[in-house]
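Below: one structure, written as structure tokens.
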Amino acid sequence: MQGTTQQFIDLESQYGAHNYHPLPIVIAKGDGVWVWDPDGNKYMDCLASYSALNQGYNHPVIMQAALDQIKTGVTLTSRAFYNTKLGEFLEIVCKLTGHDRALPMNTGAEAVETALKMARRWGHQVKGIHEQEAEIITFEGNFHGRTTTVISFSSDEDYKVGFGPFTPGFKIIKYGDISEFKAAVNEKTAAVLIEPIQAEGGILIPPAGYLKEMRDICTEKNILLMADEIQTGLGRTGKMFAVEHEGIQPDVYMLAKAISGGFMPVSVVTANEDVMSVFTPGSHGSTYGGNPLGAAVAVAALGVLKDEKLVERAEEMGKYFVEQLEAINSPHVEEVRARGMLIGLVIKSSSGVARPFCEKLMEKGILAKETHESVIRFAPPLVISKEEIDWAIERIAEVLTTEAPV
Ligand SMILES: *Cc1c(COP(=O)(O)O)cnc(C)c1O
């Protein structure tokens, strides 16, 4: 369909449910870190679809893998049958995570749901917690998706108002405070579900040693440590997984987003045999989960991370990006919080909220989105070059050094 930016926006707004408040830009074409609107204006994407596009738009290797699979005529088999791509994908994921088995789903929220079901069944059948009493510990400020169960333990009222009744069995405690965690653990605790960095929560990095100590407590008390690395995993923070910054191995990983480089929804949950074996035929599944097109795309997307050394690149380029950001002499910046290429720039409360700054950035050709009112997130595709960072910094500096855009 041909049209102008305004026509596409009007059409989407007229017929779509208003459960989002997008910036007024239509993305019609993409390549690497760059996108174009229908009117031909060019922008740098510093959101990268919440880190799903770590490999960048239009990646030729992922594109070719997708086209090759489509041309076989087999894009969906359901799990009633085997296919030729799923095994290869799961093997790569297991070798990457160090876990024995992987269970494929589609979206991130489904991976989280899968992990929660697995943890509960493990709690009942293996650990011996009474079926109605298993507890899973979660954290204030968490983001794990939007299903009814997942929002049951959100601490963000926007996600919850009017959606009750909620699923019981979750204990919500303060993030980053190990003594709260120690106090929350009891004999009914089956698992702890944690983001190693709270990205949606505002790029919150817990104190050094926190996850390590949590790992030790979980091992000692026979509690599953479940890491939601849907946004932080697969290179974003300068390690393959963000938990590696503390040198730990969780019992369960949830991965999605960049696992398919933005081509289509693919997610996966990994664990060792003693935990994963609680799933028996018929106990869980998804029609599209493990589909050969998604698997082929994911094999290619994970291959790109490795072949192009995007993990190392996130570390190196992220450091450069942060240095340049910190060198901007701005009256509006409270602090820069970052790990690798997951960067949060916090706007001072005296300068208002982050949204108007994002709107100004957009006018200058940079797409970035506010998270939690006061934080601008910079998380471009990891293929970004030094020259491209310089291009961005020049424009970011212009926005941050003029008077507050409120
Ligand atoms: C995006 C995200 C999810 C949810 O993924 P969807 O694919 O949107 O369902 C869960 N956890 C984290 C940490 C995320 O960033």
Side-chain angles (χ1 to χ4, degrees), residues 17 19-20 22 47-54 103-119 136 138-156 158-160 163 170 172 175-176 191-206 211 225-237 239-243 245 250 252-270 286 288-291 294 297-298 301 314 337 339-344 369-372 375 377-379 381-382:
N19 58 330
Y20 276 95
L47 179 64
S49 288
Y50 307 92
S51 298
L53 284 155
N54 282 359
L103 193 161
M105 296 292 281
N106 308 286
T107 65
E110 285 176 321
V112 175
E113 288 276 352
T114 301
L116 295 173
K117 285 172 76 175
M118 183 169 72
I136 295 174
T138 63
F139 299 87
E140 283 168 20
N142 73 72
F143 183 79
H144 298 286
R146 305 294 203 147
T147 62
T148 331
T149 289
V150 169
I151 61 162
S152 294
F153 53 85
S154 174
S155 58
D156 188 328
D158 281 351
Y159 298 166
K160 296 185 74 166
F163 295 139
F170 300 98
I172 308 169
Y175 186 70
V192 48
L193 171 64
I194 191 163
E195 297 157 90
I197 296 172
Q198 286 189 336
E200 293 314 300
I203 322 292
L204 295 179
I205 303 168
L211 293 172
L225 177 58
M226 310 204 292
D228 180 344
E229 293 254 17
I230 290 168
Q231 188 161 164
T232 53
L234 306 175
R236 175 54 58 186
T237 71
K239 299 273 188 201
M240 184 56 79
F241 302 110
V243 292
H245 290 286
V252 177
Y253 275 114
M254 283 141 274
L255 304 173
K257 294 202 165 106
I259 202 163
S260 52
F263 274 67
M264 56 189 303
V266 174
S267 67
V268 75
V269 175
T270 69
S286 159
Y288 272 83
N291 72 79
V297 160
R337 294 196 286 254
R339 190 144 271 172
M341 195 60 92
L342 183 59
I343 303 168
K369 184 125 175 32
E370 77 279 8
T371 174
H372 263 239
V375 184
R377 167 178 21 203
F378 294 108
L382 304 180

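Indexing begins at 1, ligand by ligand and atom by atom, following the structure's order. In this chain, numbering begins with 1 at the start of the sequence shown.
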Contact list for residues 259-270, test side-chain hydrogen bond (donor to acceptor under 3.5 Å, both in side chains), sequence neighbours left out: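 The answer is H99-T270.
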
Plane angle bin for H144 and F153 - parallel if under 30°, tilted between 30 and 60°, otherwise perpendicular: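 Because their plane-to-plane angle lies in the 30° to 60° range, the rings of F153 and H144 count as tilted.
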
Result of checking V243, V268, V269 against Y253 for side-chain contact (heavy atoms from CB on, under 4.5 Å):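 Between Y253 and the candidates, side-chain contact (heavy atoms from CB on, under 4.5 Å) is satisfied uniquely by V243.
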
Within the 4.0 Å heavy-atom sphere of ligand 1, strictly under, residues: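 Protein residues near ligand 1 are T107, G108, A109, F143, H144, G145, E195, D228, I230, Q231, K257.
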
Exceeds 12 heavy-atom contacts within 6.0 angstrom, atom OH of Y288: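 Not buried by this count: 12 neighbours or fewer within 6.0 Å.
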
Pair K117 + E110: basic N to acidic O under 4.0 Å: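 Salt bridge flag = no for E110 with K117.
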
S152 backbone acceptor or donor facing K160 side chain under 3.5 Å: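 Yes, the answer is positive, given that a donor and an acceptor are paired below the 3.5 Å cut-off.
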
